Amino acid sequence: MIYWNSFADFIHMGGYGLYVWGSFGVNVLIMAIEPIVVTRNQKATKARLKRQIRAESRSTE
Amino acid sequence: MTDRFNLYKYAAPATFYPLAGKLIPWFAAASVIFGLAGLYLGMLVAPTDFQQGEGYRIIFIHVPASWMSMFIYLVMAFWAAIGLAFNTRLSGMMAQALAPTGALMAFLSLWTGALWGKPMWGAWWVWDARLTSELILLFLYIGYMALTAAIDDPRRADKAGGLLLLVGVVNVPIIYFSVKWWNTLHQGSTVNLTKSSMATTMLYGMLLMALCFWMYSIAVAFMRVRTIMLERERHTDWVKAELEGDAR
Amino acid sequence: MLEADNLECVRGERRLFAGLGFKLEAGELLYLQGRNGAGKTSLLRMIIGLLPPEAGEIRWKGQSIRSSGEEFRADLCYLGHLNAIKEELTPLENLLASAHLADEMLSEDDALDALEQVGLAGREDLACKYLSQGQKRRVALARLVKERRPLWVLDEPFVALDVAAVDWLTSIISGHLQRGGLAVMTTHQLVGIAAGTVRELKLS
Amino acid sequence: MLEADNLECVRGERRLFAGLGFKLEAGELLYLQGRNGAGKTSLLRMIIGLLPPEAGEIRWKGQSIRSSGEEFRADLCYLGHLNAIKEELTPLENLLASAHLADEMLSEDDALDALEQVGLAGREDLACKYLSQGQKRRVALARLVKERRPLWVLDEPFVALDVAAVDWLTSIISGHLQRGGLAVMTTHQLVGIAAGTVRELKLS
Amino acid sequence: MLKIILAVVGRDLKLAMRRQADIVSALFFFVIVVSLFPLGIGPEADLLRKLAPGVLWVAALLATMLSLPRLFADDHRDGTLEQLALAPHPLGLVVTGKVIAHWLVSGLPLALIAPVLGIQFDLSNDALLVLTGAILLGTPALSSIGAIGAALTLGLRGGGVLLSLLVLPLYIPVLIFGAGAVDATVSGLGGEGHLSLLAAMTLASLGFAPWASAAALKIALE
Amino acid sequence: MLKIILAVVGRDLKLAMRRQADIVSALFFFVIVVSLFPLGIGPEADLLRKLAPGVLWVAALLATMLSLPRLFADDHRDGTLEQLALAPHPLGLVVTGKVIAHWLVSGLPLALIAPVLGIQFDLSNDALLVLTGAILLGTPALSSIGAIGAALTLGLRGGGVLLSLLVLPLYIPVLIFGAGAVDATVSGLGGEGHLSLLAAMTLASLGFAPWASAAALKIALE
Ligand code: HEM
Ligand SMILES: Nc1ncnc2c1ncn2[C@@H]1O[C@H](COP(=O)(O)OP(=O)(O)OP(=O)(O)O)[C@@H](O)[C@H]1O
Ligand SMILES: Nc1ncnc2c1ncn2[C@@H]1O[C@H](COP(=O)(O)OP(=O)(O)OP(=O)(O)O)[C@@H](O)[C@H]1O
Ligand SMILES: [Mg+2]
Ligand SMILES: [Mg+2]
């Protein structure tokens, strides 16, 4: 079933390796980084909100 | 009346937040599965294209990214219309959560297109209708994000951003056709995308990849919308309960 | 005539007030009080329909102001803390232009008369940018002299006025109430309005 | 310490005052009065050297402020009717940045202490745009807590403050005078400064 | 209805006359930007002739855009906008009036000076005529689309740059057909098709944009 | 002395980071304006290659100019500028700091994105390099000369347009040598001469302009 003869061929992509892997690489990079950034943001927001809520409850006491 | 009530209840952040939280893993998993299957078909099984050589394999991300970049804009405009018509809070948040992903998709489309264009046409960029309007779409995304970021009051930001989205969605086809006409008037189009009859493996690979991108976008947008919800509703009881539950 | 039910105001993520209501009849003045940031200006902007309330409803002559729109606005005169005058135009031009744009009739004689009443006689033809702060405020207030619309909404109208002008303005408001008009007002200064019923509403 | 001779002020083509002079010694407060547009703000800006007088001279420690320039400014603390705070920064960052830019030493602990004194404890890390009008004013006033420069020039410092904050500010000014500082101030509100000699100057 | 529009146009024109600087400055910006190009590109007449339509149109876009931030800003700052929003007639009519006044002050002068600049680029008489017509037909669309952007960015920090970010992409069709009309004339194809498309865009945007702007203004006033 | 400058730069950069929109918008304005030209002129690669230096430089000029009005306006409006003028050190140093921060936020990003846009115009690698260098060397001059204009028009109505009238003529030398450097490289003459002239202009204006701006600011504060 598999079209490629060797792994080297696969990497070489018939001479288009740079372009193909450049595309896929950036794509994978973006799809890996975006969720990480979003999760980090969420964690930071949660931490900040918790701090704020605690500060508020302290100041009303 | 009851119908409307239900809609509001479903769209209430307090109910949507946990729902989204539960759905995210499913969408993420679906995205990974579709992605793996699509890559297997596209990268390993599908034969070469007789005109473009192996370079055509960029299609497996280029086309899904292009589709998603346009589709997400439509979805945002849809949410904007709902938000302006029914004044639901969720819609503005959804639009804002989708925008960065849409912009990234537009960027990916441009990036992969450029990397494809260099070997195929010998230039990174040509001023063709499709390319130009994709570039303008990216500008529209950035304009939307800049506008909503510049308005401090989130409700005002939602409304103003929604209006911009609706104006934009009217303009996108106008821009597309005017650019197309502009381009073809001058000269025979430099670019003739070969509509070669695609091998079925290629087609399935591409469709699977498109599904993968779609699921990915939903998952990321849900993640982002949950953050936005917490931020905006920080004075409500459910957020406080949520945060405390988290601490345990 | 003017009623509000169960109003809620949220600015940013801050809830300023909730469950607020009042009822105002002809000849009555609603005097809004509260510390800075309590939401007085926000409430006034809800009453004139520029700020949609988070919850609750405001009715004018029994009709929600959201649905009656233009009819309500035809009954309304609002004076915010901005003067709404153009620095480049003279007081006379300003007065005529604002009447014009509000779709009202105002003859030049009436306008001159109003300007004289607010103590701007002799300055009708000087561009407003040369006027002092208090005189600018007087130009804005000159609109009230010939104003016969029933509902006045005044946000801190006494700011920047000297004693004589404060007296003049209280008498103008009293006259409006005596004619059966309604007024909603905020101010941090202590002033006595002679006529009409004064209802106080304290935001906290 | 601070003297003015024969000052004349012309804005546009209008002469606001002429032949104005005063003398202020350590521990004294100059309280400027006058109706709107009398020229109070203009006089303050002359004193701090931003507005060159049409005629006359202002001296600090016997030296004309035009010639002593930077030395004079090193002795001066001015608080205008603008708050001079950045909406995007937090109160703490604002306080530190303004001390930094004025070439002063201010430790973070001192800054936090000052903010607590003006009643902003718990809000040190919230961007100023979310603060209310009065709270913003308090951030601006927090500078005065640790301020030891001898000459304070305050333009309507009590604006937008509630009663508690007004009391706090009068005590701060009194403390400054007791330490032998000088202050020049305008306000339309009636407040009593406990310590020091109060000289009044009425512009008309 | 017409009365209101005329009242607004009259007032805005009177204000523009009092200020004077307003009228000349959009014009001079146009002239300066157009003149910068030969400096940046070099004096070859052939090249310049090819550039002329594009450069003139881009400069017209930028000149219109530069005066947009003030379309509502002054009225907003001094409270007049609130009063206009509270007047007992639709805000869209007021915006229509303001758009017309803006065009009279910033678009019309461009159309009048454009032929003079076109001569500098060695355009033929036909091309000059079409250029003037295209700018005359296209600039009202610029003013009215721009009004939406001006209303959306009203009162925001960094409004000017943000405004251009929002508005320039929407200007592209006008740019393409405007420059296309002149290009088509130069290459002998006739620019009527382009001109009638421009006219259609102008009519559509004049009908639609004031109401979108009015909605945006109400949001800004909240 | 350096301490003050660094304090100002630090504060302004922190503010820019908080706003975010500021940083991207000058950049995107640049990108959009550059992209408008092909739309106005047509897609022929040969023609576009010739235009590229001029277009990129004019767009850089306009992008820098558009962010100028806010250089002092925010500080003026909220009273910070008064405080800076009253601080016991020369105002010129403060302005130097603000100019540097302005360049870091608006000039540097242009230089970084310029090669990408150059690719869209099909420029050679050499030309891209010189283009980046020229923009890197030239934009500080734009920021510092622009500061004078921003200070002179501070608080004036219609400041934006007026500012462009004052500043654009002063930008012309930078434009000529900046575009000239790239042109010379494209035609094989080598752009070093132009680049060193650019560097000289930048140094001179960085030394002189802050003090002129400081004087103008004092006038605006009267
Ligand atoms: C920066 C450059 C490019 C951009 C912005 C771009 C943009 C797009 C967009 C928006 C689409 C979706 C439109 C649609 O489905 O009708 C698309 C589809 C496609 N693109 Fe590109 N493209 C670029 C370069 C290229 C190149 C160089 C090639 C190949 C030589 C290419 C081949 C395709 C193909 C085959 C499709 C699918 C067409 C279809 O299924 O209808 N693209 N591109
Ligand atoms: N866009 C906004 N985002 C966040 N908070 C806001 C916004 N607009 C207003 N607020 C807050 O709403 C509150 C009410 O403002 P409002 O102007 O109604 O007060 P006010 O009672 O009129 O005060 P004053 O006596 O100063 O006139 C303020 O505390 C302010 O911080
Ligand atoms: N640039 C100018 N051109 C013409 N007149 C001016 C100018 N600047 C100020 N004035 C006039 O100068 C006068 C004094 O203003 P100033 O701000 O000093 O008054 P003030 O006593 O501080 O008033 P307030 O009580 O309102 O603060 C005003 O009458 C004003 O009209
Ligand atoms: Mg108020
Ligand atoms: Mg004053």
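Proteins get letters first, then strands, A, B, ... in listed order; numbering begins at 1 in each. The figures here come from the full heavy-atom set of this structure, side chains too, leaving out hydrogens, waters and symmetry mates. Given the structure is predicted, the values throughout are model-derived calculations rather than measurements.
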Could you please spell out the steps behind the side-chain contact (heavy atoms from CB on, under 4.5 Å) verdict for F:I41 and E:V58?
CA-CA 10 Å; F:I41 286 161; E:V58 172; over 6 Å; no

Would you give the length of the straight line joining atom [atom1] of [X] to atom [atom2] of [Y], rounded to the nearest 0.5 angstrom?
| X | Y | atom1 | atom2 | value |
| --- | --- | --- | --- | --- |
| F:F29 | E:L163 | CZ | CG | 10.0 Å |
| F:M65 | E:L66 | CE | CG | 5.5 Å |
| F:L168 | E:F28 | CG | CZ | 13.0 Å |

Candidate pair E:F37 and F:L175, rule side-chain contact (heavy atoms from CB on, under 4.5 Å), full reasoning
CA-CA 10 Å; E:F37 273 92; F:L175 168 67; over 6 Å; no

Under a 4.5 Å heavy-atom cut-off, does chain F meet the side chain of E:L62, its backbone, both or neither?
side chain

Portion of [X] that has a non-hydrogen atom of chain E nearer than 4.5 angstrom:
| X | result |
| --- | --- |
| F:I32 | side chain |
| F:L61 | side chain |
| F:V31 | neither |

What closest approach, in Å, do E:A179 and F:G40 show between heavy atoms, and which atom pair accounts for it?
CB-O, 3.3 Å

Between E:L36, E:L165, E:L47, E:I176, which has the largest tally of heavy atom pairs under 4.5 Å with chain F?
E:L36

